[in-house]
Amino acid sequence: MLYDAQREYRIQEVNQHDDVIVRPETLNELPLIRSVNESAFGRQDEAQLVDNLRAEGAVLVSLVAEVHGRVVGHILFSRMWIETAEDLMPAVALAPMAVVPDHQRRGIGEQLIREGLNVLCALGEQVVIVLGHPNYYPRFGFSRDKARSLSSPFPAEAFMAIELRPDALEGIHGKVKYPAAFGL
Ligand SMILES: CC(C)(COP(=O)(O)OP(=O)(O)OC[C@H]1O[C@@H](n2cnc3c(N)ncnc32)[C@H](O)[C@@H]1OP(=O)(O)O)[C@@H](O)C(=O)NCCC(=O)NCCS
């Protein structure tokens, strides 16, 4: 149900920005994705993080935003875990996300996130976790409250989670474990 509802919303969004195509990356685009990350962040760290996550085999979903044939945005989701007293629960890390400076603030980041959540939902993923801007991610359903029982090395105000399956985090207490590429 959640998947269908989000898909409806996505179709409306795409109509509003019909020059933007959000789709999975292709293999020949890896250098373009590198340069999108370098250009958005003004440094190489996040581009390197993307490559390291690929090398580690942690990547779940990698989407690009294309405008008139140019790749202008990228979002990456990778496998992480919530370590509880009983077991390891699979979750998904959203990071990094990048839109080139001359295309920012036009809703491309929003389209990347919504499509990413659609795809993850369809894949059966249950929880997505982000360390991000406290004013931005709540509009997609990410909440600090949902992440409050997860221990992490991050400030609570920027550490958020969304449940793709209702109540997926209900009663879950644990410590987040990121892929090694994050260096945590
Ligand atoms: C963050 C980013 C991907 C958003 O892409 P975008 O296409 O501009 O996003 P949208 O148009 O959907 O939304 C713009 C909103 O992003 C907000 N935003 C999100 N993350 C932000 C951040 N880290 N710093 C500042 N603003 C941020 C802006 O305030 C703006 O909010 P508003 O609509 O209330 O004014 C883009 O700005 C970017 O690449 N920034 C540099 C890299 C970065 O900081 N990435 C995020 C950390 S992984």
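Both counts, for ligands and for their atoms, begin at 1 and track the order of listing. We count residues from 1, following the sequence as given. This one's a predicted model, so the numbers in the text were calculated from it and none came from an experiment.
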So if I count the atoms of ligand 1 from 1 in the order they appear, which ones are less than 4.0 Å from some heavy atom of [X]?
X: Ala98; answer: 39 (O)
X: Glu110; answer: 12 (O)
X: His133; answer: 20 (N), 21 (C), 22 (C), 24 (N), 25 (C), 26 (N), 27 (C)
X: Arg106; answer: 11 (O)
X: Ala40; answer: 39 (O), 41 (C)

Return the residue, atom name and 0.1 Å-rounded distance of the protein heavy atom closest to [atom].
atom: atom 38 (C) of ligand 1; value: Gln104 NE2, 3.3 Å
atom: atom 7 (O) of ligand 1; value: Gly109 N, 2.8 Å
atom: atom 11 (O) of ligand 1; value: Gly107 N, 2.7 Å
atom: atom 1 (C) of ligand 1; value: Met97 CE, 4.3 Å
atom: atom 35 (O) of ligand 1; value: Arg105 NH2, 2.9 Å
atom: atom 39 (O) of ligand 1; value: Val99 N, 2.8 Å
atom: atom 33 (O) of ligand 1; value: Arg139 NH1, 3.4 Å

Aromatic plane relationship, Tyr137 with Phe142 - under 30° parallel, 30 to 60° tilted, over 60° perpendicular: perpendicular

Pairing of Glu125 and Arg79 as salt bridge, 4.0 angstrom limit: yes

Sidechain N-carboxylate O distance under 4.0 Å for Arg106, Asp19: no

Partner set under side chain to side chain contact (heavy atoms under 4.5 Å, CB included) for Pro24, not counting sequence neighbours: Leu63

Positive for side chain to side chain contact (heavy atoms under 4.5 Å, CB included) with Glu46, one of Asn37, Val36, Leu76: Asn37

Pair Asp145, Ser143: side-chain N/O donor-acceptor within cut-off below 3.5 Å: no

Leu112 side chain near Val99 side chain, heavy-atom distance below 4.5 Å: yes

Gap separating the CZ atom of Arg54 from the CD atom of Glu56, nearest 0.5 angstrom: 13.0 Å

Proximal candidate to atom 44 (O) of ligand 1 [heavy atom criterion; set Tyr136, Phe41, Tyr137, Phe140]: Phe41

Trp81 with Leu169, same ILVMFWY side-chain cluster at under 4.5 Å: no

Min heavy-atom dist Gly132 to ligand 1 below 4.0 Å: no

